[in-house]
Structures are given as C-alpha cells and as structure tokens.
Amino acid sequence: MPPASAQRATAVPNDLEAYWIPFTPNRAFKAAPRLIARAKDMHYYTPEGRAVLDGTAGMWCTNAGHNRDPIVAAIQAEAAELDYAPAFQFSHPKAFELASRVAALAPGDLDHVFFCNSGSEAVDTALKIALAYHNVRGEAARTRLIGRERGYHGVGFGGISVGGMVNNRKLFGALLAGVDHLPTTYNREHQAFSRGEPDWGAHLADELERIVTLHDASTIAAVIVEPMAGSTGVLPAPKGYLPRLRAICDKHGILLIFDEVITAYGRLGHAFAAERYGVVPDMITFAKGITSGSVPMGGVLVRKGIYDAFMRGPMHVAELFHGYTYSAHPLACAAGLATLDLYREENLFERARKLEPVWAEAAMSLKGLPNVLDIRCVGLTAGIDIASRPGEVGKRAYDAMDQAFHEYDLVIRAAGETLILTPPLIMSERDIDEMFAKTARVIKAVA
Ligand SMILES: Cc1ncc(COP(=O)(O)O)c(C=O)c1O
C-alpha cells in the first residue's frame, strides 16, 4: 500500500488553457483533467492525494519505479556539482563513464555510444549515422531507409518517415524521400492470443528481399524496426523473424537498426531485446529506461566498425557533424549511472524474466471478457485489443483509460483500440493481480 505521508494535497492552477498537451485530446483533458502531482515506487498521487497504481511505468520508462532514492540523490548531487558543460569540443567525466557502462551491457561489438535527449532524437541520429557511414565508405548511393508498417520511431521527420502509423504521418507533407516499408508482422487470424512471440510470421522478413529486388541493394542504407512494436499496441516479433531480417541485411550490406527505445533496460527481461533474440544489430537506439524516466536522455549504440569508419581525416575536424546542446547532459548522466546501478543491485532484468509467465497468465485471464478481440504479451508488456463502438474508433479504449484513472485508481494506456500495460519492473505479484483485476472491471464498465 502507498504510504500515508504521500496523501497530501497540491495546489492546481485555475487555468489549464495555455499548455498544449502532446498526443492528447486537449479539450476532453481540460474538461476532466488526469493530473498527477507526485509519485513513489509503483504509485502516482493526484493533487488531492489519491493513490493511483502505475500500470504503464510512466510511458514505458520508469522501469526502476518512481522517485527511487539513489536516483534522486544522484540528480541532486550532480545539480550542485556541475549544471552544464559544453557538449561540443568539451565534455565531462560522467559522459564517458556512462557510455562505457552502456556499451558493457550491449551485445557483440556494439561498443560506442552517441548521446541525445529523447527517443526521437536517437532515431534521427541513427538514420543520419547510417547515411553518413555509407557515404564515408564510398557507397553514397545507399540513401534509402526501410521502416515497417505500424512502426513507431518518434516524431522527428526521419522517425515519422520510417514509421508506419498513419495518424503520425498524414498531416505532415511528403516526409523523407526514398523510404519504403516492410509489412507489419501482425496478423490476428494467425496469431490471436499468442503468448510471447507468435509462431506465425517469420516469413514476413523475406519481404525485404522483394524491396531489395525493387530498389537494388546498392541504394539501400538501413532497415529500422522495433524488436517489439510497442506504441502501436504491443506486437511481439514472430519467432525467427529478427534473425531472418539480420541474415538478409548481411547478405546485401544493409545496416540493421533496432529501435529499442521501449525494449531496452529490462522491458523484455534483458538489458537489450537484441540479447533475447540472439541478434546483434548494427545500431541500437535507446532512451526512456536509461534514466528510469527521471531526466530526458536518449542514445545510439553503434558497432565498432561504424565508429571506426568515421575516425579519419584531419585531427582538428569533427568526424560527424551532428549533436545536441544537451547531448550527455550532466544530470542525465548522473541519473543514468544511478539507474544502471539500481538495475544491477536489484537484478531487475532477471526479475522481469521471472515475472513474465505470471504476468502472461494474468493478462490472458482477460480473454472472454466483453469486446476483447486479442491479447498479446511479451516480457512485461500486454496489449489488449477491444472492439470499437460503431462509428467511434478509439472511443471505447479512451473511455477505459479515462475511467481507469478516475474511478479505478489505475493508469493504463490507450493506443487506438488497444489497452496497453507496461508496469515498472519492481512490481509485486500482488500488483499484477490488482492491475488485471482493475483492468477487467474497466473493460466490463465500457462494454
Ligand atoms: C520505439 C520508439 N522509438 C522512438 C520513440 C520516441 O521517443 P521520444 O518520445 O522520447 O522522442 C518511442 C516513444 O515511445 C518509441 O517507442
């Protein structure tokens, strides 16, 4: 249970108008705000002090739970020690320390880290590195980028170009030129109610061969996929799909990028999902869990050969003309180091692996409730598809998310007509029971 000390009131401004809330129906929110004032471990507290169970680890990011003391202390100490150091031409010790720690966790020769501040920046950084890599090696014709239908890679122009969620793309013009898409790996007819990676669908990786035949390998720079497509509604990779994609990329000299903004740092029971699937991509993007959501940070892990390809030319000239004012910000690095310590000390990745069967069993117990069309889960994630109300796509899931917060003291997420749960990795089995019992009540309430 949440501590009683957390139940204090916080003042709320009278006027909510000025703030344009991202990816949110603003008018509905401002009519009945879902406000969170404080957090600790598995719980949020509303401004009135009501405890709400966090079923989504913030937005797939507070993997170590909320406001953990060692992370808070590290951020406070760093704020007093070094507020900022220039990210270009200068640096600070914790940036190097964190890069080494991240590289040590990564599989294979993924051993260099480029830091940025978000998943979107990580994706655009990885795409730019892919293009530049081929360029510096004399293969400048390799400019095409291949994403996947239903993929989510953030909101930069690169990310929405390779992304495959139509609402994120349709209002924003022609996007990047020369982008193509693999088909989605999801097929309800063949995969409904699969636990973990579905048996059906490895062959969909072969669509990359068709794309290569269409454009020729000499024009293709990179393929980017999420090992588990999260934001679109939890679509685990079919068994064998990712190794097959790796083999086709190798055959044609195409770089393979895993977007692990969600899947890194324990969500699928490993430091990186690449480890779960036994595949070493050429780059991994990460964000969110690196600081357990406490300070914005993202990054790109690259294989040694990619970094080395750039290390040429005059010693006084930058090898890559790319970076952000806040790349490797001191507060983010301090938070990242404390977070990685906590993951290790509390064995949180292993804990996620151990909880996975219990979690999957609880998620699948919702099968048979009204309107439930499919349930998917892998690692500590669950996506529950529910049927739309006639003529109101997305409304039933939105109502479920809203009622869960206001009436059942639970945060879940709605993506289209999918309810998503992705809890902090510190949750107990009692928390799992509570989460799914409440989710079941909500699903019945919106039937
Ligand atoms: C796979 C993936 N890539 C990129 C992003 C974008 O991250 P951010 O919102 O930090 O820019 C997300 C966010 O959920 C994501 O899930």
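Counting starts at 1 for both ligands and their atoms, following the listed order.
Ring geometry for W200 against H190 counts as parallel: the plane angle stays under 30°, on a 0 to 90° scale with 60° as the upper cut. Ring geometry for Y84 against H329 counts as tilted: the plane angle lies between 30° and 60°, on a 0 to 90° scale.
A heavy-atom cutoff of 4.0 Å around ligand 1 is satisfied by the protein residues S118, G119, S120, Y152, H153, G154, E226, S231, D259, V261, I262, K288.
T232 and R150 are linked by a side-chain donor-acceptor pair at a separation below 3.5 angstrom, with hydrogens and angles left out of the test. For the residue pair R246/Y277, the side-chain donor-acceptor check at 3.5 Å is not satisfied.
A centroid separation of less than 6.0 Å is found between the aromatic rings of Y324 and H322.
Between T185 and P236, the shortest heavy-atom distance links the atoms OG1-O, 4.1 Å.
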